Trainee: 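One structure is given below, represented as structure tokens, and several questions about it will come after.
Model, not experiment: these values are computed from the prediction.
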Amino acid sequence: ICCLIVFAACGEKKTTEEILSDSVSSRQSACYTGSDEDFDVTLSTLSQEEAFIADGKVGNVVTRTTLVVKPVSATDKEMTYSLQSESGKKEGVLSKNVLGSAYLAEIDNISEIGVPVSVVITVGSGEEATEYTISLTDRMADVIDADEALMTAYEYYKQKLDAEIASEDGWQREIFVRFVNDRKDSESKYYWYVAFVADRNDDMAVLIDPATKEIVSSRVRP
């Protein structure tokens with residue numbers, strides 16, 4: 001009887017939802033932003049392949065939370081941060097990005113302090129140090145989450161995707177689910193970007209309004 005149960009379990013086919021979920025190689029789960037006349041700040045959590053390659057396969061996925069601080073005016077002074085929440089804080093040094101003017105920090109175990117509410121940025125050191133406190137807004141509050149965005153995109157391409165899943169070659173795509181906006185405009189609207197990727201030249205993608213679930217843009221390559 002035990003053997004029959006094992007064989008039966010091994011023979012069970014995955015549901016479409018399970019196949020899609022297992023194929024996600026890039027998923028964003030948090031996005032907080034804030035700004036003042038001196039800085040634009042973004043705090044995001046992304047689970048993504050350690051070696052991120054668009055090849056239709058899911059590699060080893062790691063989760064990272066990154067704080068990005070963009071000064072309005074370029075500076076070469078030392079910069080540190082203190083990420084504040086209602087139950088604790090995380091502190092560290094911001095490192096200058098090799099490209100551009102942004103400063104970055106990777107924050108470990110952010111869940112330890114709960115929901116972030118603000119970040120204190122310190123520019124310079126000693127008596128010359130200046131502090132800036134910036135409130136953070138949860139951009140993902142009151143909108144659909146990554147899983148719902150994924151299923152919304154699937155429904156849009158359902159006929160094509162179901163045909164690939166049922167084909168002799170089988171499913172050969174990985175999926176990106178990211179919360180994006182215009183990088184040049186920190187105040188611009190955010191959208192869910194969902195892409196079903198076979199390789200760099202073969203994908204199906206959509207932009208989804210996170211409040212209404214409306215597909216506002218789509219692309220199929222080739």
Side-chain angles (χ1 to χ4, degrees), residues 24-52 59-147 149 176-193 207 210-211:
V24 176
S25 62
S26 180
R27 181 197 304 265
Q28 191 162 349
S29 57
C31 180
Y32 295 85
T33 66
S35 64
D36 63 10
E37 60 184 10
D38 298 295
F39 297 97
D40 286 326
V41 175
T42 303
L43 178 70
S44 60
T45 300
L46 184 68
S47 297
Q48 184 168 279
E49 290 177 313
E50 197 166 14
F52 189 53
N60 182 45
V61 174
V62 295
T63 300
R64 294 188 175 98
T65 298
T66 306
L67 177 66
V68 180
V69 177
K70 295 181 180 179
V72 173
S73 300
T75 178
D76 57 1
K77 293 183 179 180
E78 175 186 328
M79 198 176 296
T80 61
Y81 72 89
S82 179
L83 184 64
Q84 313 278 326
S85 78
E86 294 179 353
S87 57
K89 61 184 178 180
K90 290 277 187 178
E91 299 179 322
V93 176
L94 288 157
S95 301
K96 182 74 161 53
N97 193 7
V98 177
L99 301 174
S101 61
Y103 284 73
L104 311 175
E106 189 172 317
I107 302 174
D108 295 328
N109 302 319
I110 192 171
S111 59
E112 292 177 345
I113 65 170
V115 178
V117 296
S118 65
V119 60
V120 178
I121 301 167
T122 303
V123 180
S125 58
E127 295 181 356
E128 297 182 355
T130 304
E131 289 188 352
Y132 304 83
T133 300
I134 299 174
S135 298
L136 297 174
T137 300
D138 183 358
R139 291 284 193 159
M140 289 186 176
D142 302 319
V143 300
I144 63 172
D145 62 14
D147 290 335
F176 307 159
V177 187
R178 300 177 186 163
F179 205 58
V180 301
N181 73 332
D182 183 349
R183 294 182 180 179
K184 296 180 180 179
D185 181 4
S186 62
E187 297 301 317
S188 60
K189 182 178 174 63
Y190 275 81
Y191 297 91
W192 279 112
Y193 167 77
L207 278 181

Trainee: Should the heavy atoms of other residues, nucleotides or ligands under 6.0 Å from NZ of K89 be counted, would the total exceed 12?
Mentor: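 No.
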
Trainee: Can you say whether the rings of F179 and Y190 are parallel (under 30°), tilted (30 to 60°) or perpendicular (over 60°)?
Mentor: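 F179 vs Y190 ring planes: parallel.
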
Trainee: With a 6.0 Å cut-off (strictly less than), is the heavy-atom count around CG of N60, excluding the residue itself, greater than 12?
Mentor: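 Count over threshold, so yes.
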
Trainee: Looking at every non-hydrogen atom in both residues, tell me the closest pair between P71 and A102 and how far apart they are.
Mentor: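 Distance-wise, the nearest heavy atoms are CD-CA, 4.5 Å.
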
Trainee: S186 versus K70: any side-chain heavy-atom pair under 4.5 Å?
Mentor: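 No; the side chains remain at least 4.5 Å from each other.
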
Trainee: Side chain to side chain donor-acceptor pair (under 3.5 Å) between T45 and T65: does it pass, once the steps are laid out?
Mentor: CA-CA 4 Å; T45 300; T65 298; 2.8 Å; yes

Trainee: Give me the one residue out of I107, T33, V69 that meets side-chain contact (heavy atoms from CB on, under 4.5 Å) with L43.
Mentor: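 Of the listed options, the one satisfying the test is I107.
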
Trainee: Under 4.0 Å between a Lys/Arg side-chain N and an Asp/Glu carboxylate O for D147 and R27?
Mentor: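 Yes, charged N to carboxylate O under 4.0 Å.
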
Trainee: Over all heavy atoms of both residues, which pair between G88 and I113 is shortest? Give the atoms and the distance, please.
Mentor: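 In this case the closest contact between G88 and I113 is C-CG2, 3.9 Å.
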
Trainee: What are the two closest heavy atoms between V143 and M140, and how far apart are they?
Mentor: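 So the minimum-distance heavy-atom pair works out to CG2-O, 3.2 Å.
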
Trainee: Taking the side chain as everything from C-beta on, heavy atoms only, tell me whether V115 gets closer than 4.5 Å to S85.
Mentor: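 Answer no - side chains too far apart.
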
Trainee: Return the CG to CE distance between L104 and M79, rounded to the nearest 0.5 Å.
Mentor: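 Between atom CG of L104 and atom CE of M79 there are 11.0 Å.
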
Trainee: If you define the side chain from C-beta out and look only at heavy atoms, does anything of I134 sit under 4.5 Å from D38?
Mentor: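 Side-chain contact under 4.5 Å: no.
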
Trainee: Enumerate the residue pairs fulfilling ring-ring contact (aromatic ring centres under 6.0 Å, His included) with a member in residues 59-112, sequence neighbours excluded, ordered by first and then second residue.
Mentor: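 Pairs touching residues 59-112 that pass the test: none.
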
Trainee: Does G59 offer a backbone N or O that forms a donor-acceptor pair with the side chain of E49 under 3.5 Å?
Mentor: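 A pair under 3.5 Å: yes.
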
Trainee: How many angstroms lie between atom CG of D36 and atom OH of Y132, to the nearest 0.5 angstrom?
Mentor: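 It comes to 8.5 Å.
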
Trainee: Show the nearest heavy-atom pair for residues L46 and Q48, with the distance to one decimal.
Mentor: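 Result for this residue pair: CD2-OE1, 3.3 Å.
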
Trainee: Can you tell if the side chain of E37 reaches within under 4.5 Å of the side chain of V72, non-hydrogen atoms only?
Mentor: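 Counting from C-beta outward, E37 and V72 never come under 4.5 Å.
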
Trainee: If only atom types and distance count, is the side chain of Q28 paired as donor or acceptor with the main-chain N or O of A30 below 3.5 Å?
Mentor: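 Yes, the answer is positive, given that a donor and an acceptor are paired below the 3.5 Å cut-off.
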
Trainee: Contact between F39 and V119 at the side-chain level, heavy atoms closer than 4.5 Å - yes or no?
Mentor: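 Side-chain contact under 4.5 Å: no.
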
Trainee: A side-chain contact here means heavy atoms from C-beta on lying under 4.5 Å apart; do E78 and T80 qualify?
Mentor: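 A side-chain contact exists here, since the closest heavy-atom pair is under 4.5 Å.
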
Trainee: Nearest heavy-atom pair of W192 and D145: which atoms, and what distance?
Mentor: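 Nearest heavy atoms, W192 then D145: CZ2-C, 3.7 Å.
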
Trainee: Donor-acceptor pairs under 3.5 angstrom involving side-chain atoms of residues 93-101: please list them, not counting sequence neighbours.
Mentor:
residue: K96; atom: NZ; partner: G100; partner atom: O; Å: 2.7
residue: N97; atom: ND2; partner: L99; partner atom: O; Å: 2.9

Trainee: Which atom names give the shortest non-hydrogen contact between S188 and N181, and what distance separates them?
Mentor: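 So the minimum-distance heavy-atom pair works out to OG-ND2, 3.1 Å.
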
Trainee: When rounded to the nearest 0.5 angstrom, what distance separates CD in E112 from OG in S87?
Mentor: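 Answer rounded to 0.5 Å: 10.0 Å.
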
